[in-house]
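In what follows, a structure is listed as structure tokens, so that the remarks can point back to it.
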Amino acid sequence: MKRIAVGLLSAAVGGSLLLSAGTASAERTALSVRIDSVNPNPVVVQEGEDTRVTIEVRTTEATRVELRLKPVSDRFRTLDVREPKIIHEGDLWRFSTSFDDNDFEGRWLAIAEAYDKDGKKVTDQVNFSVKHEEQEKADTRLTGFYANPESVRKGRWVYFTGRLQVSRGHEWRGVRDEEVEIYFRPRGSSAWKWVTSADTGWKGSFRAKARASKSGEYRAVFDGDDRLEDSTSRSDRIRVWRR
């Protein structure tokens, strides 16, 4: 991890985070240090997002304070540095950094080390935890699905239209650039068979076509992804006739 100027997050030591600050403090009778809080605790990290964490340390007689954030595990990932800040107000040292979903999930240790002007050191430490939370998937629906024409000669084209939508608050909006698959079930059968697929476009609309082979019913299926739930349309029947 790169070294930052004094007053900012400065280094990672032995796989832990080192936060450092230095300034003159008011005179006190004895050197002391105490970690007042880690906020929030637990640190809940959403997928693809950062969570800001603030650690407050109280001292007396300290001219320099360092704070290490260390995973309590033999296996961990180094915390990424994002615009770290330190604020010093009298006996209060406030350290701020961020976690994301690449950081170790589990117990962490915050270790504060305070130094006086003669180099004497005192230490305090507290535990906190990091939790990864999967992003909740949004509901989807396939609406307006039709297979046309309703009656068609064998070997001719059957055309499919419909729309994929996602729930956004109190309304449904079209979803672009997602794949929708078309399945067919012959009359008298219980098995659905894939026949073709299409990508959604403007306002979630899609179009596809397939050759007619037997009478039966078609439906559209969206398999979902890491953001969207899956969904299935209503089925639409067609009759296929021979010459």
Side-chain angles (χ1 to χ4, degrees), residues 40-53 71 73 75-83 97-108 128-150 157-187 189-214 216-238:
N41 185 17
V43 180
V44 179
V45 179
Q46 298 278 354
E47 183 179 357
E49 298 180 4
D50 294 345
T51 298
R52 179 66 64 176
V53 179
S73 172
R75 297 177 60 250
F76 59 86
R77 299 174 182 175
T78 302
L79 184 66
D80 193 15
V81 180
R82 291 184 184 82
E83 301 179 2
T97 189
S98 61
F99 286 72
D100 62 26
D101 56 3
N102 290 317
D103 296 312
F104 174 79
E105 182 179 22
R107 283 201 310 127
W108 283 67
F128 67 99
S129 62
V130 174
K131 295 182 179 180
H132 294 177
E133 188 172 278
E134 293 185 3
Q135 186 175 14
E136 185 176 351
K137 293 184 179 182
D139 290 333
T140 65
R141 69 180 184 183
L142 285 160
T143 185
F145 176 71
Y146 292 100
N148 287 300
E150 296 180 0
W157 290 108
V158 179
Y159 298 89
F160 312 102
T161 57
R163 193 181 306 275
L164 175 64
Q165 296 179 319
V166 61
S167 176
R168 299 297 188 199
H170 299 292
E171 63 180 348
W172 291 90
R173 298 180 183 177
V175 186
R176 298 187 66 174
D177 301 322
E178 296 289 350
E179 185 180 61
V180 174
E181 298 177 320
I182 309 299
Y183 285 81
F184 174 68
R185 181 169 66 181
R187 185 173 58 189
S189 172
S190 61
W192 290 90
K193 179 181 178 181
W194 178 91
V195 291
T196 189
S197 60
D199 292 331
T200 59
W202 177 247
K203 294 186 177 181
S205 62
F206 63 88
R207 296 177 180 274
K209 64 180 181 179
R211 296 284 185 183
S213 58
K214 300 178 180 179
E217 56 188 330
Y218 292 89
R219 70 182 184 186
V221 175
F222 173 60
D223 285 337
D225 56 25
D226 57 355
R227 301 177 298 109
L228 304 173
E229 293 284 3
D230 57 7
S231 55
T232 301
S233 75
R234 70 175 186 86
S235 59
D236 196 18
R237 297 179 182 275
I238 68 163

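Model, not experiment: these values are computed from the prediction.
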Say you draw a straight line from [atom1] of [X] to [atom2] of [Y]; how long is it, rounded to the nearest 0.5 Å?
X: Leu164; Y: Arg141; atom1: CG; atom2: CZ; answer: 10.5 Å
X: Asp50; Y: Asn102; atom1: CG; atom2: CG; answer: 9.5 Å
X: His132; Y: Thr51; atom1: NE2; atom2: OG1; answer: 9.0 Å
X: Phe99; Y: Arg52; atom1: CZ; atom2: CZ; answer: 11.0 Å
X: Thr161; Y: Tyr146; atom1: OG1; atom2: OH; answer: 8.0 Å
X: Glu217; Y: Phe184; atom1: CD; atom2: CZ; answer: 8.5 Å

Determine all donor-acceptor pairs shorter than 3.5 Å in which one atom belongs to a side chain in residues 171-180; sequence neighbours excluded.
{"residue": "Glu171", "atom": "OE2", "partner": "Arg173", "partner atom": "NE", "Å": "2.9"}
{"residue": "Glu171", "atom": "OE2", "partner": "Arg173", "partner atom": "NH2", "Å": "2.7"}
{"residue": "Glu178", "atom": "OE2", "partner": "Arg227", "partner atom": "NH2", "Å": "3.1"}

How close do [X] and [Y] get, counting heavy atoms only, and between which atoms?
X: Ser98; Y: Asp103; answer: O-OD2, 4.5 Å
X: Val158; Y: Ala147; answer: CG1-CB, 4.1 Å
X: Ser231; Y: Leu142; answer: O-CD1, 3.6 Å
X: Arg185; Y: Ser190; answer: CD-C, 3.7 Å
X: Pro149; Y: Ile238; answer: O-CG2, 3.5 Å

Under 6.0 Å from the [atom1] atom of [X], do we count more than 12 heavy atoms belonging to anything else shown?
X: Arg207; atom1: CZ; value: no
X: Arg234; atom1: CZ; value: yes
X: Lys131; atom1: NZ; value: no

[X] side chain to [Y] main-chain N or O, any donor-acceptor pair under 3.5 Å?
X: Trp194; Y: Thr196; answer: yes
X: Ser129; Y: Pro42; answer: no
X: Asp223; Y: Asp230; answer: no
X: Arg219; Y: Thr232; answer: no
X: Asp139; Y: Ser167; answer: no

> Can you say whether the rings of Phe160 and Tyr218 are parallel (under 30°), tilted (30 to 60°) or perpendicular (over 60°)?
Replying inline: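 Because their plane-to-plane angle lies in the 30° to 60° range, the rings of Phe160 and Tyr218 count as tilted.
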
>> Is there a side-chain contact (heavy atoms from CB on, under 4.5 Å) between Asn41 and Trp108? Walk through the geometry before answering.
In response: CA-CA 10 Å; Asn41 185 17; Trp108 283 67; over 6 Å; no

>> Pair Phe206, Phe222 - check side-chain contact (heavy atoms from CB on, under 4.5 Å), show working.
In response: CA-CA 12 Å; Phe206 63 88; Phe222 173 60; over 6 Å; no

